[in-house]
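Here is the structure we will look at, set down as structure tokens.
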Amino acid sequence: MREVSRDRIKAFITLLPSVVLIGVFVYGFIGNTVWISMTDWRGGAALSENPVKNFIGMQNYVELFSGFLDGRFRQDLVNAVYYSVLLLVGAVGIGMFIAILLDRKPRGEDFLRTVFLYPMSLSFIVTGTIWRWLLAPQGGVNLLPTYLGGKALDFQWLSSMKTVLLFDWQNLFPILLYLAAFVLILLGLGKLRRDPSRAFKHYLVPGVVLGAVVWLFGDLLPRALFMEEEHGFNLATLGIILATIWQYSGYTMALYLAGFNGISQDLMDAARLDGASDFDYYMHVAIPMLKPITISAVIILSHISLKMFDLIFAMTGPDNAATGHPALDMYLTTFRANDFAKGAAIAIVLFLVAGTFIIPYLVTSYRQRRNAR
Amino acid sequence: MARVELVNVSKRYGDVIIVPGADLEIKDNEFIVFVGPSGCGKSTILRMIAGLEPISGGEIHIGDRVVNNVSPKSRNVAMVFQNYALYPHMTVRDNMGFSLKMAKRSKSEIDEAVNRAAEVLELGQLLDRKPSELSGGQRQRVAMGRAIVRQPDVFLFDEPLSNLDAQLRTQMRRELKKLHMKLATTTIYVTHDQIEAMTLASRIVILKDGEIQQVGTPVEVFEKPANVFVAQFIGNPPMNILEGIFETSGGSPVVRAGGSVFPVPEGRVPDLAGGAPVLVGLRPDSIKMGENVERLPKEWWCRGEVVVSEILGGQSLLEIVVDDNELIAEVEGRIEAQPGETVPIGFEFDRMVLFDPETTKAIS
């Protein structure tokens, strides 16, 4: 008993410095940011020696999501969503595709692997500079068709003013609820084969009911904004998405390639004898087996895309509203507008969104580890 | 169900020859065991039959077809791997039904086939588990289930029992034998364990350096090994091999080895001139001691000095010296002889095998 408690004391003393440091510099500062986001620390006197900070509750958040002046933040949030989704689809898809090609062991596989992984080693500023140049309206990518005898493209990769998939922010609540219903129905269809009764009870029926209720009574839901405000997918962000995919698909390729190499040759042989074509093998055996890798890739890429700052800064600058991002908006609001309180609120929103990705991942991996014991 | 024929099948990797050229005919429903030391090419030949390894020359027939250019999936063979090669993310049911799913069979048809196979292998309760939730023996059974679900023409087994512990291995061996009797499907089984080979095979194929040394029933390869390698590879402890000279002087043919003179019984007399060198092969269990000596003809008796004796329960293993020749004897009963003691022993000379010392082949 005394041995155990002495061990515990030693462990406690050893851990204490890092616990204190992390407590102060990570969690303490998060707490401080939360506090600031609930004050009115802003305006001309914000930089004075003893600024006035009055507690104003959630007002900053309410303004961000429904204030007259904060349309920029809402557009940035929409940009971040599209940016994350397209980056995930692009980088995971292309990375997986290249990994499959390299898994076929072509000649020069080692060399090609290095080539594809290389963009990872560049800093975002360098990537941004290179791609800004490649995506210039009268050069680079737009000139590619001329090498094949075609006409040069005139797409404005970084400054297009076109927006597609528009929706009215006023209808935010019904849209979110439709999305939830859609996800429930998708999950239900996925689980239909293994456990039909559970799929119906927990996913399909609630999904359909939710969708129907919103469709019938959606008008009764409160409006998110007192005026019309349309947001959508700004085509000007395509160039930035392209550059990020270029930089990160090599990384997902490396993740998948390591996973594919870890699958035993016997398993591949067994699948071939079972009548699986190469496509079937990857579709039904290899890729499902690498689900943990897919999840890690999604988590890593989504938090990168949510925190993206320098690449956008290098490619279009902080002032280009069409390619804005909450992280840039946070910087501008805090350090240009001297609105420390609202900047802190944006930071906390980003923090919570990243949390919704990472916390479920941590919980499941912790559970898996506990079950494995 | 099909016969399998290999015609001068060879395998090379660049300049390295793995299999110089193998000829073999496997009859319908036969249980053939490939046995040999590591690196003898037995797994390579199996993989070539499966189509997982391209062949460098020759022809492989399965049924009435030449399958040289037929893809593995179209050969209608099923294989069980040493490490089971189960799909870890699928349930037992999905593992077993995978081949039928790939063949685009209907769901009800797949369920029926899987249930039938699960019944044969007593896997009913495990169908909804994942491989990680199964024991080694259960995984082995699932791997077998996956093979029988598709009713292949040929079963291929690549050392399927070597990852199991000794007791389970014996049990699974019996089940395999029963399964083969029940399904009556041509089976090719690779192992380095000669006990598996002896107990399971209708015929054994013994390989060394990619070359087939002998093909025969378990008793044939044990009693009439084609060469010294087979004689020493099959049987534990291995056959005693002594250097000697064949002589016909004095009327009855004999072999002189060391100080001993072994009579060569009728039917074993080689077609050799007197004075020819030979190797004499004597199985450890052809040496008799105690009361069993008296059942042998008198001229097959002699005396030997015990060097070491080990009692293995029902039998004893002895190292004895007979006229400067060191021999291993495996005799029935518990022989409690002291080292240095001289005891009467007898040889079953009618089981003697003579080999040519140059070619190491058996002399008929």
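Chain letters run A, B, ... following the sequence lines, proteins first and then strands; every chain starts at 1.
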- The reported gap from CZ in B:Arg146 to CG in A:Asp274 (rounded to nearest 0.5 angstrom) is 5.5 Å

- Query: Which one, B:Asp158, B:Asp94, B:Asn83, leads in non-hydrogen pairs under 4.5 Å with chain A?
  - Reply: B:Asn83

- Query: Among B:Met90, B:Met102, B:Arg75, B:Lys73, who wins on heavy-atom pairs under 4.5 Å with chain A?
  - Reply: B:Met102

- If you draw a 6.0 Å radius around CD in B:Glu119, do more than 12 non-hydrogen atoms from other residues or ligands fall strictly inside? no

- Query: Does the side chain of B:Pro72 reach to within under 4.5 Å of the side chain of A:Asp269, using non-hydrogen atoms?
  - Reply: no

- Toward chain A, the part of B:Leu86 with a non-hydrogen atom under 4.5 Å: backbone

- Item | Considering all heavy atoms, the nearest A:Leu267-B:Pro88 contact | CD2-CD, 3.9 Å

- When every non-hydrogen atom of A:Leu273 is compared with those of B:Met79, the smallest separation belongs to CD1-CB, 3.2 Å

- Task: Determine whether more than 12 heavy atoms belonging to other residues, nucleotides or ligands lie under 6.0 Å from atom CD of B:Glu122.
- Result: no

- Task: Write down the atom of A:Ala271, the atom of B:Tyr87, and the distance for their closest heavy-atom approach.
- Result: CA-OH, 3.2 Å

- With a cut-off of 6.0 Å (strictly less than), are more than 12 heavy atoms of other residues, nucleotides or ligands near CE of A:Met283? no

- Query: So what's closer than 4.5 Å to chain A heavy atoms on B:Ala103: side chain, backbone, both or neither?
  - Reply: neither

- Check: B:His89 side chain, A:Leu290 main-chain N or O, donor-acceptor pair, under 3.5 Å: no

- Query: CZ of B:Phe31: more than 12 outside heavy atoms within 6.0 angstrom?
  - Reply: yes

- Query: Got more than 12 heavy atoms from elsewhere within 6.0 Å of CG, B:Asp64?
  - Reply: no

- Query: Hey, is CD1 on B:Ile195 packed in by over 12 heavy atoms from elsewhere, all under 6.0 Å?
  - Reply: no

- Message: Would you say OH of A:Tyr178 has more than 12 non-hydrogen atoms from neighbouring residues, nucleotides or ligands within 6.0 angstrom?
- Response: yes

